[in-house]
Amino acid sequence: MYRCNDTNPNFAARYSHIFLIFNINLMNDKIRLRFAPSPTGALHIGGVRTALYNYLFTQKMGGTLILRIEDTDQTRYVPGAEAYILESLRWLGMEFDEGPGIGGDFGPYRQSERKSLYGKYAQNLIDSGNAYYAFDTAEELTAMREAYESRKETFRYDGITRQELNNSLTLSAEEVKTKLENGDPYTIRLKVPRDEEVVINDIVRGEVVFRTNELDDKVMLKGDGMPTYHLANIVDDHLMKISHVVRGEEWLPSTAHHVLLYRFLGWEDTMPQFAHLPLILKPSPDSYITKENKVALAERLVDEFFNKNEEIDQSYRSDALAFLSQIFQDKKNVVSKLKISKKDDDNKRALKVFLKSNLSGKLSKRDGDRLGFPVFPLSWVGETKEDSFKGFREFGFMPQAMLNFLAFLGWNPGTEQEIFSLPEMVDAFSLDRIGKAGARFDFDKAKWFNQQYLIQSDNATLVELLKPMVKEKNYEVTDEYLTAAVGMMKERVNTLPEIIETGYYFFEPVKEYEEKMIHKKWNPDRKTALLDLKEQLENLPDYQAEKLEASTKTYLEANGLSFGDVFPFYRIALSGTTKGPALFEMMEALGKAEVEKRLLTAFPAFDEVFATKTNS
RNA sequence: GUUCCUGUGGACAAAUUGGUUAAGUCGUUGCUCUUUCACAGCAAAGAUUGCGGGUUCGAGCCCCGUCAGGAAUACCA
């Protein structure tokens, strides 16, 4: 039975005073974490959260944070992905101590550049009898898997099946030698022992036990000479002296293999501690299926289904649509209706499998697109439109708000504080307050966080962030004016761009007047009073909010009018809507001339709107 | 199918480690403030802690069973 070391993650921190007494400083060079993304596309929200937790823990412990690029799969390599990852992390304000482009004593930090390193360890495994050469081709294995599947069984390359397969365990030494000398393609597979238990002591999950008989003989070295994730990861973590592995829960099932590897390579005593993070889940179907969108959503899903399964005939389309609208009827039980039953034909089966993976489970990049929220920190432009996504930044989120939101997906400080600056978060963070259950992505909450940050930020900062967007729209305004507009709008929106979208009237003439109020209350005879008031205000020595308000009050009292008689029409004239910032502040910001212009164009327009109502 | 993980109001979650009345936040609804919207403040609705047993004076927490959801099951990471 193999046990990973089970020291407390906070051990060094907790007892640092003792180490200090003995003048041993374990903290700084002991705690080393790594964030190890794969450059196969944009870094999604789950990866960002993993990076965050790695960052928080290292900062908290005064450790070292390493960025390692895991690009061992050449077929999935996407140019630009690494740059995207770097830029995302920079935007979010997470700094790394070592990594590509940063430097460090343990480089190189791209696995493709470390290729020559791994063969030696694979050979070690062979030499110690813990791995073997496998000559089965990918095609043979695929065929085998299909054959098993047709019998409703699952093929696994393991301690049983390897005895029947084409490898150095079944072939004679002579045959193996010949094959190797001939340059026949081969992989090196881990020889998982029989009848043992591997015990993992996970920081967030506690003790997890795997029986080796359930484990497959994973490939360590691929046919192209590249290591798989499993080998490269363990070798690099060891060579880079990683102390804690904080990664997503999807890795938990293969952790047993990793523990085995540490042991076979003789590194078990320095094996890092594992912390497997809960997954970030899609919003549940019943939260986003509405009367309004369910038809569009169904069509979209069916489109994607046919896109993905080109072999299925289009004639199945109406059936698929019908099925979807049927399961959307009762949105509470969508997932349970996706169970495959015996009477389902192949099409139905394929459809159900597709829907299940798209309506439940891990949050995926498609979801964002489909449901209208971002899943990536920054926009990503892929080769096709389908592979391009809008990021949190482009949605108008502030990096700190995104981090704050993400931090709470799977962790909480145990206090009632919700808004944390990055340093505060570092201070409050600990691995043992990470939860075990999957956390559901909730865009409403994300927006709330962003709004809190918007309100909290000073106007000057927001103005700087807004300037590029203002420029893009070709609005010509002074900083002073923008500052005023931002001050009035920021607590009325969730994201930055909304300031100039819903508050467009600060930058250009009103596009449309809200008709309801005009129909209800507009009285052409009132115009004289409104114009009267306008003139009185224009004659004030300074066109300033408080003065305007005082003067208006006087006027209304003198003429027996109420606020309600006047305000809505001024408001609609200036902004097109009855919602929005305080009227007099808006007037001050817009300025005397602009206000006059807008009032004079609005009143005749109101008459017209009013006339259409009386006519109809 | 198999292995592993996880179940606390609609969502995120707390619960001093077995202690009595199950926090708080988002969302929803209402009230206050306000010319409107928003912000802020206050309040309400919403939970037999997935379900069934057991242990115990006492169970969200421990044990057994069961159901549901998720992950993994590639020469991907």
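Heavy atoms only: backbone and side chains are in, while hydrogens, waters and symmetry mates are out. Below, chain A is the first sequence line, B the second, and so on; all start at residue 1.
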Minimum-distance nucleotide to Val335(A) side chain [options: G69(B), C26(B), A13(B)]: G69(B)

Nearest-nucleotide pick for Gln451(A), side chain only, options being U3(B), A72(B), C39(B): C39(B)

Nucleotide of U6(B), C39(B), A13(B) approaching Asn412(A) most closely (side-chain heavy atoms): A13(B)

Side chain of Glu249(A) (C-beta onward), nearest among C26(B), U36(B), G70(B): G70(B)

Nucleotide nearest Phe210(A) when distance is taken to its side chain, options U3(B), U36(B), C12(B): U3(B)

Nucleotide of U36(B), A72(B), A13(B) approaching Arg571(A) most closely (side-chain heavy atoms): U36(B)

Stem segments of RNA chain B by first residue number [Watson-Crick or G-U, under 3.5 Å, at least 3]: B:1-7 with B:67-73, B:10-12 with B:24-26, B:28-32 with B:40-44, B:50-54 with B:62-66

Distance test, side-chain N/O of Lys282(A) to OP1/OP2 of G70(B), below 4.0 Å: no

Sidechain N-carboxylate O distance under 4.0 Å for Glu514(A), Lys579(A): no

Between G70(B) and C33(B) - C1' atom distance, rounded Å: 46 Å

N/O (side chain, Lys447(A)) to phosphate O (OP1/OP2, A11(B)) under 4.0 Å: no

Chi-angle category of U20(B) [syn within 90° of 0, anti beyond]: anti

base_contact_polar (C37(B) base, Arg492(A) side chain, donor-acceptor, <3.5 Å): yes

Sort me out a list of protein N/O and nucleotides 73-77 of chain B N/O pairs below 3.5 Å, or just none if empty.
from	atom 1	to	atom 2	distance (Å)
A74(B)	OP2	Arg145(A)	NH1	3.3
C75(B)	OP1	Arg145(A)	NH2	3.3
C75(B)	O2	Gly223(A)	N	2.5
C75(B)	N4	Asp136(A)	O	2.9
C75(B)	N4	Ala138(A)	N	3.3
C76(B)	OP2	Lys222(A)	NZ	3.0
C76(B)	O2'	Asp73(A)	OD2	3.0
C76(B)	O2'	Arg76(A)	NE	3.2
C76(B)	O2'	Arg76(A)	NH2	3.3
C76(B)	O2	Arg76(A)	NH1	3.4
C76(B)	O2	Arg76(A)	NH2	3.3
A77(B)	OP1	Thr72(A)	OG1	2.8
A77(B)	OP1	Lys222(A)	NZ	2.7
A77(B)	OP2	Tyr229(A)	N	3.0
A77(B)	O3'	Ser38(A)	OG	3.3
A77(B)	O3'	Glu70(A)	OE1	3.2
A77(B)	O2'	Ser38(A)	OG	3.1

